[in-house]
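Atom set for the values below is all heavy atoms of this structure, side chains included, hydrogens, waters and symmetry mates excluded. Here the structure is a predicted model, which is why all the values come from computation and not from measurement.
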Amino acid sequence: MKLTERVTECPPRGFYVKLLHQYRDILGLWQPDLGPYGGLLNVVVDGFFIIGWMYLPPHDPHVNEPMRLKPVFRIHLMEKKSATVECMYGPKGPHSGQIQLVKKDEFCTKCLQTDYHRMSGGRQEEFRTWLRDDLGRTLDDIFHEHMQELILMKFIYICQYDNCLTYRRIYHPPSQPDDLVQPGFFKGTYGSHGLEIVMLSFHGTVAKATKITGDPNVPAGQPTLEIDLTRPVRLPVLDHLQNIDELTRLIMDIYDEINREQRLARSEEEGASVRVEEPLQGPSSPTKPKARQIDVQGELKPPDQQAFALPDEVMARNEDYPRSCRLCFYGTGLIAGHGFSSPERTPGLFILFDDDRFGFIWLELKSFSLYSRMRDKFQNSRPPSPEAFDEMLKAMQQWTT
C-alpha cells in the first residue's frame, strides 16, 4: 500500500475537530448510577470511534488477574455524516442509541432498540449468560443461600437500567512525592460479595480507600477503609502473629489510646468554654498529646520486610497473599447491615505488601481483604485541582445514600 493510500484511511483533522467538539466533555472516567453497585467507565477515542468501556474485576477470587473490559456504547462518525450513537449491550451486536449531556460532569445513555438485549431463552438464559460472563459462575457453583440471594438481587437490579443509565464524572486520585505508594485504583476481595474496585487516595496523615463498585451492605462511593499513617504497627514474631488474640491486643491498644486522646481533647474544649481569666497555677496548661509522626521513607521502614501470615481464625477468599510485608498501620473499615443500615467503623490492620498490593484484616469480622493494583492507564482523568478531587469524594458519598 502506498503512503498516500494510508493517509486517506486516517480520519482527517476536521473529522477529529468535529468529533471532539461535540463529545469531548464525555472523555475520561465515570461512575454509572447503578445504586449500591456503581461501576467504572472509561470513555476514550479509538480511531473513528469514541468508545465507552466498562471495567469489570476479574472473577473472584483471582484478584491479581487483569481487569476485563466490556464496551457499552460507541459513537461512530463518518466524515460526511453526523454522529451515530450505538448501544453495545446485548448479544445481537451494535444498535441504535442516544447520548445526552445532562449537565457539567454528568451524561446519560439511552437504548432505542432494547429488543437487541433480549435472548431467545428469556430471562433465564440472560441470567445464566450474565452469571457466566460477569461472575465466571454457573448455577451449580452457587451452594450458599445467602450468596444466591445476593447474586439474584444484583441481576434484577441492573436489568432495570439496561435501556437508560446516568454517569457521573470521577477522577484519578492526585499524587504527592511523600505518598506511601502511588494512589490509584485497586481490586479487592469482599467475601461473598466478590471482587470490588476501590480507589486509594492520600490526605496528609490519612489514607482512604473509596469504593468505586459496591454492594447492598456498603455501597459504591463510601470510604471502605481509613488508615492512620501516624500509627504504625510492628508485627509480633510469626508464631505469635498466628494467634488472633495477640493481634487483637495490639490493635485494641491503639484503639483505646485514640479514645483517650479524643476524651482529653473534648474535656479541654469544654473547660476552655467555661474557664474564667485567672493566673495559671504551674508552668503550663495541659496540652493535647501530639500525634506520633512517622517517616514512611525513613527510620520506621525496616531494611528487610517483616514476615507475615494470617492468624489461624481469619478467613481469606484468596490464600495466595504475600508472606512478607513492608509496613503495617492501624486503620478502620466500614461495615453495615443490608441497605447500608447502622454503618459503623470497626478497627483493623492495614498491611502494605509492596507498591501494588495491600491488605486489611477486619478484626470484628475475622476476615481478610486482599487488594491488587489495576495497571490500566487512564487519560483525561486527572482532577483540575486537589480541592476538586476532595469535593468529588464528598459528592460520591451522597450518590448512593
Side-chain angles (χ1 to χ4, degrees), residues 19 22-23 25-44 46 49-57 67-77 81-135 137 149-170 194 196-197 212-216 219-221 339 395-396 398-401:
L19 173 73
Q22 186 175 3
Y23 292 106
D25 290 336
I26 70 169
L27 299 178
L29 294 177
W30 302 83
Q31 187 177 54
D33 184 4
L34 279 172
Y37 300 106
L40 180 63
L41 179 83
N42 187 28
V43 183
V44 300
D46 187 356
F49 297 94
I50 286 182
I51 303 180
W53 293 99
M54 192 70 75
Y55 279 68
L56 305 175
M67 299 292 289
R68 298 174 296 122
L69 275 65
K70 179 179 180 181
V72 294
F73 67 81
R74 70 182 183 184
I75 304 167
H76 187 191
L77 266 76
K81 295 183 180 180
S82 60
T84 299
V85 177
E86 296 174 317
C87 175
M88 305 291 287
Y89 187 83
K92 300 178 182 179
H95 48 283
S96 182
Q98 287 182 345
I99 290 180
Q100 180 182 0
L101 301 176
V102 179
K103 58 183 179 180
K104 179 177 168 46
D105 297 332
E106 184 174 318
F107 75 94
C108 65
T109 58
K110 183 177 182 180
C111 178
L112 301 180
Q113 295 177 286
T114 54
D115 55 303
Y116 275 66
H117 301 178
R118 306 281 74 86
M119 293 184 175
S120 58
R123 285 296 191 190
Q124 288 189 353
E125 182 183 359
E126 293 169 18
F127 176 64
R128 287 194 296 268
T129 302
W130 172 80
L131 200 60
R132 182 187 66 244
D133 293 347
D134 282 32
L135 302 181
R137 296 176 179 272
E149 293 174 353
L150 290 173
I151 291 174
L152 184 59
M153 184 188 311
K154 183 175 183 179
F155 175 74
I156 293 173
Y157 194 96
I158 63 176
C159 282
Q160 303 174 48
Y161 294 90
D162 69 349
N163 66 328
C164 187
L165 191 55
T166 298
Y167 297 87
R168 299 185 180 95
R169 183 179 296 281
I170 61 175
E196 299 183 6
I197 304 172
I212 302 300
T213 62
D215 53 69
M396 287 177 68
Q398 303 301 318
W399 295 344
T400 54
T401 56

**Prompt:** Can M67 and I197 be said to form a side-chain contact (heavy atoms from CB on, under 4.5 Å), step by step?
**Reply:** CA-CA 10 Å; M67 299 292 289; I197 304 172; 3.5 Å; yes
**Asked** What do the steps show when you test I156 against R123 for side-chain contact (heavy atoms from CB on, under 4.5 Å), and what is the final call?
**Response** CA-CA 10 Å; I156 293 173; R123 285 296 191 190; over 6 Å; no
**Any side-chain heavy-atom pair of M153 and Y37 under 4.5 Å** = yes
**CG-CE distance between L69 and M54, expressed to the nearest 0.5 angstrom** = 10.5 Å
**Prompt:** What is the ring orientation for F107 with Y167, classed by angle as parallel under 30°, tilted 30 to 60°, or perpendicular over 60°?
**Reply:** parallel
**Item:** Results of side chain to side chain donor-acceptor pair (under 3.5 Å) for W53 - residues two or more places apart only
**Value:** none
**Asked** Is there a side-chain contact between M88 and R74 (heavy atoms, below 4.5 Å)?
**Response** yes
**Message:** Can you tell me how far apart SG (C159) and CD (E126) are? Round to the nearest 0.5 Å.
**Reply:** 6.5 Å
**Asked** H95 vs Y116 aromatic rings, parallel, tilted or perpendicular, using cut-offs 30° and 60°?
**Response** parallel
**Prompt:** Roughly how far, to the nearest 0.5 Å, is the CD atom of E86 from the CD1 atom of I99?
**Reply:** 10.5 Å
**Spacing of L41 atom CG and F73 atom CZ [to the nearest 0.5 Å]** = 5.5 Å
**Asked** Are the side chains of L40 and I170 in touch, meaning some heavy atoms are under 4.5 Å apart?
**Response** yes
**Request:** Grab the two heavy atoms, one from L150 and one from P216, that are nearest each other, plus how far apart they are.
**Result:** CD2-CG, 4.5 Å
**Message:** Please check: side-chain N/O of R169 versus main-chain N/O of D25, any donor-acceptor pairing under 3.5 Å?
**Reply:** yes
**Complete:** P71 and I51 have their tightest heavy-atom pair at CB-CG2, 4.3 Å
**Backbone N/O of D134 and side chain of R68: donor-acceptor pair under 3.5 Å** = yes
**Message:** Go through it in stages, so that I can follow the logic: the residues are Y55 and T213, the test is side-chain contact (heavy atoms from CB on, under 4.5 Å), and I'd like the CA-CA distance, side-chain angles, deciding distance and then a yes or no.
**Reply:** CA-CA 10 Å; Y55 279 68; T213 62; over 6 Å; no
**Message:** To the nearest 0.5 Å, what is the distance between CG on D105 and CH2 on W30?
**Reply:** 5.5 Å
**Prompt:** Would you call F127 and L152 a side-chain contact if the rule is heavy atoms closer than 4.5 Å?
**Reply:** yes
**Item:** Verdict with supporting geometry, L131 and R137, side-chain contact (heavy atoms from CB on, under 4.5 Å)
**Value:** CA-CA 6 Å; L131 200 60; R137 296 176 179 272; 4.1 Å; yes
**Fill in**
Those residues at least two apart in sequence (or on a different chain) that pass side chain to side chain contact (heavy atoms under 4.5 Å, CB included) with T129 are M119, E125, R132, D133
**Request:** First locate atom OH of Y89, then atom CG of L165, and finally report the distance between them rounded to the nearest 0.5 Å.
**Result:** 10.5 Å
**Item:** Side-chain donor or acceptor of Q31 paired with backbone N/O of I212 under 3.5 Å
**Value:** yes
**Prompt:** What is the minimum heavy-atom distance between Y161 and D33, and which atoms define it?
**Reply:** CE2-O, 3.8 Å
**Heavy-atom pair of closest approach, residues C87 and H117** = SG-NE2, 3.5 Å
